[in-house]
Amino acid sequence: MKQDSHDLFSPASPARSVPVLVPMPAATPYSYSLPDGMVAPPGSVVQVPLGPRKVVGVVWDGGENAVDARKLRPVEKIFDCPPLDPSMRRFIDWVASYTLSPPGLVARMALRAPAAFDPEPMVEGLRFCGHEPDKLTPARRKVLEMAADGLSWTKSGLAHAAGVSTSVIDGMVKQGVFEQVFLPPPPLVAPPDPDYAPHRLAGRQMDAAEIAVDAVKARDFSVALIDGVTGSGKTEVYFEAIAECLRQGRQALILLPEIALTTAFLDRFHERFGAKPAEWHSDLATRTREKVWRQAATGEIRVVAGARSALFLPFENLGLIIVDEEHDPAFKQEDRVFYNARDMAVVRGRLAKVPVVLVSATPSVESQVNSQQGRYTRIHLPTRFADAAMPDLHLIDMRRHPPERGGFLSPVLLRAVGKTIERQQQALLFLNRRGYAPLTLCRVCGHRFQCPQCSSWLVEHRFRGQIQCHQCGYAEPTPQACPECGTLDHLVACGPGVERIAEEVERHFPDARTLVLSSDLGGVKRLRLELEAVARGEADIVIGTQLVAKGHNFPLMTLVGIVDADVGLANGDPRAAERTFQLLSQVTGRAGRTGLKSHGLLQTYQPQHPVMQAIVSGDADAFYEREIVEREKAILPPFGRLVSIIVSADSRAEAETHARQLRQAAPQASGISILGPAEAPLAMIRGRHRFRLLVHGRRGSDMQGFVRAMLDNGPKERRSIQVQVDVDPQSFL
DNA sequence: AGCACGCCGACT
DNA sequence: GTCGGCGTGCTC
């Protein structure tokens, strides 16, 4: 009826219009007119004009708002690629409303492959068509032998197979020996074979694998949490779920923190399935990226191993999502669209009706709680596989075994390092602090080097000759003189960073091969190469920041020294204990997988601290559940309820709109409040709300100053603050 | 998000 | 006299 009355007011020949999500921060899709004869069902990937440029958008269903028909511009082109299916579209809508992001920007994450939307061009190929060449040289004979089967070859492929140069083939083409054919582009990766190398699971692992496999067999949404110490066989267990998924002819997605996407992982997959999975991460070459996108969309690629953004690939027939290292903070994206890929994986699984498997040696508190409450199936792997023993762990009480003057390494740890390298084994010294020293000050006037943009300490990087801000990226060359009093050569470095530890190590072990592994020393590629070199034994002493804790195994590493185990315990983060526990467990888990006797030594000034005690006691798992989960449950907002506070300094109305969207999206959520810059700090102090502050502002803008102004209830700045807490996605499904 | 327009400071 | 910094506004 409404439709009819609407038609009365429509022009005689109404232009057909379609809603299109464009890569722009608009709340709703834009409308475009559809030229006669063009068919664009929802999900179609299209090219549309937007202002002065052409952009890629997606035809949407619903959300269209009224707009003057004269403003409509036509859809220019529909790409010849599979449309985004309804579950993917609902996923994009869901993520947009949950993260309070414009849907167009979420959709853009699913279309991050510049030229992948048209089919890959056919590859030119050659086929033997019966004509013999007039002169049959030895080289030509070899080519004919290879091509006699009448199958199609690429020119370079045939030349390579026959062991001749391509010019031999060029000559034969001229004589009409070959006809030109067009071949479909070759698949990026070979299809993995679920039965390539049978698993070698035993006992509890078999039971665990059965649960995971059954979840895949059910072909429905479920969430399982696999937890077990490093080396307990978690990967092998979820490989069985992937094998089942492949047998069903469906696609599997493995999400990993970017740094854990190592060749070691890919090789392991290869050994089990006879082929590598397709990779997806920020460092991919454009061409490869496009191929992966396209072949995931067509279903050609069966398994993708990728960083968080792989969650937005448009799989043709998704059957399983794995989130490995699910506790890892790297799954959080904290720019543009803010999301946690672990949570969104659960949502995508729900909408696509596929099982999700979360995997970690140290599960996040959220996942622990969800499994305790029975929403996630718990799959616990209690021990290490075969003879891979856990290292024995000891605390070094730094009050009793202090380092020598000017040093940071206890004599106990130094002795252990010496013995380890004498045995031709490797030692890892872990310190979660990049650079040379976290603070520099002037010995004459006491001036402390502070970031001019955000007021955190500037960290000296001696290797690069710079002092840097680890908060905002500000950097300047290390000065010789104090900017305050002008005194030369009286600047003093305070506290250790990995570079300074390396200096100390080199002083004690001048003949050892020492290597610093830190994220600021080159890109992902270089880092991977260095990790592999270490795994092959090409270093004796490795000094690393937290990146060494992630995913990579060092078979020759029999000593792990934690230089400053207390770092991070007192930084005010409500998750400090959880983070410290996870990080130190992951690091100490790197050692002890060789069957050789291995050790972990934790330097600490707080040997009585419950986290330290738990890590060195064999009862860490129980402690983690009992103490950390219980404590942090009390600190964090009630699970199953969303507490989101939007503080808006410039537009109360905008904040109201966001809150309304939130309440609509999650009617069962409670505790949404809007707090102005004056109320927010009070609420924080009174402890009614716990939250992280996310301050949005341009680089170079004085965000710290704004927060200060906010805390002082000062003048309203033209910036907005959005405050969100980590919540549990399950309750919104 | 991108891109154009538009207005004030240091330089070929 | 211009180049270029970023503030503001607009895109179906």
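Labels below follow one simple rule: chain letters A, B, ... track the order of the sequence lines, proteins then strands, and each chain is numbered from 1.
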**OP:** For atom CG of A:D68, decide whether the heavy atoms of other residues, nucleotides or ligands shown that lie under 6.0 angstrom number more than 12.
**Re:**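 Counting neighbours around CG of A:D68, more than 12 heavy atoms of other residues, nucleotides or ligands fall under 6.0 Å, so yes.
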
Interatomic distance, [X] [atom1] vs [N] [atom2] [rounded to whole Å]:
X: A:L34; N: C:dC12; atom1: CG; atom2: P; answer: 16 Å
X: A:Y30; N: C:dC10; atom1: OH; atom2: P; answer: 11 Å
X: A:L21; N: C:dT11; atom1: CG; atom2: P; answer: 18 Å
X: A:R16; N: C:dC12; atom1: CZ; atom2: C1'; answer: 17 Å
X: A:M24; N: C:dC10; atom1: CE; atom2: C1'; answer: 9 Å
X: A:L50; N: C:dC10; atom1: CG; atom2: P; answer: 14 Å
X: A:R108; N: C:dT11; atom1: CZ; atom2: P; answer: 20 Å

**OP:** Classify the side-chain pair A:T298/A:E316 by whether it contains a donor and acceptor separated by less than 3.5 Å.
**Re:**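 No, A:E316 and A:T298 have no side-chain donor paired with an acceptor closer than 3.5 Å.
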
Subject >> Under 3.5 Å side-chain donor-acceptor pair for A:S367 and A:E326 >> reply: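 There is such a pair (donor and acceptor under 3.5 Å, judged by atom type) between the side chains of A:S367 and A:E326.
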
Original post:
When all nucleic acid strands are considered with a 4.0 Å heavy-atom cut-off, which category describes A:R53: base, sugar-phosphate, or nothing?
Top reply: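 Base: the residue A:R53, judged by heavy atoms under 4.0 Å, touches a nucleobase.
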
**OP:** With heavy atoms under 4.0 Å as the rule, sort A:P29 into base, sugar-phosphate or nothing.
**Re:**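 Result for A:P29 = nothing.
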
**OP:** Report yes or no: does A:T288 contribute a side-chain atom to a donor-acceptor pair with the main-chain N or O of A:L284 at less than 3.5 Å?
**Re:**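 No; judged by distance alone, with no hydrogens or angles, the pair does not exist.
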
Subject >> Residue A:P52, side-chain heavy atoms: nucleotide from B:dA4, B:dA1, C:dC12 that is nearest >> reply: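 Per side-chain heavy atoms of A:P52, the pick is B:dA4.
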
Original post:
Side-chain N or O of A:R73 less than 4.0 angstrom from OP1 or OP2 on C:dC12?
Top reply: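 For C:dC12, OP1/OP2 do have a side-chain N/O of A:R73 under 4.0 Å.
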
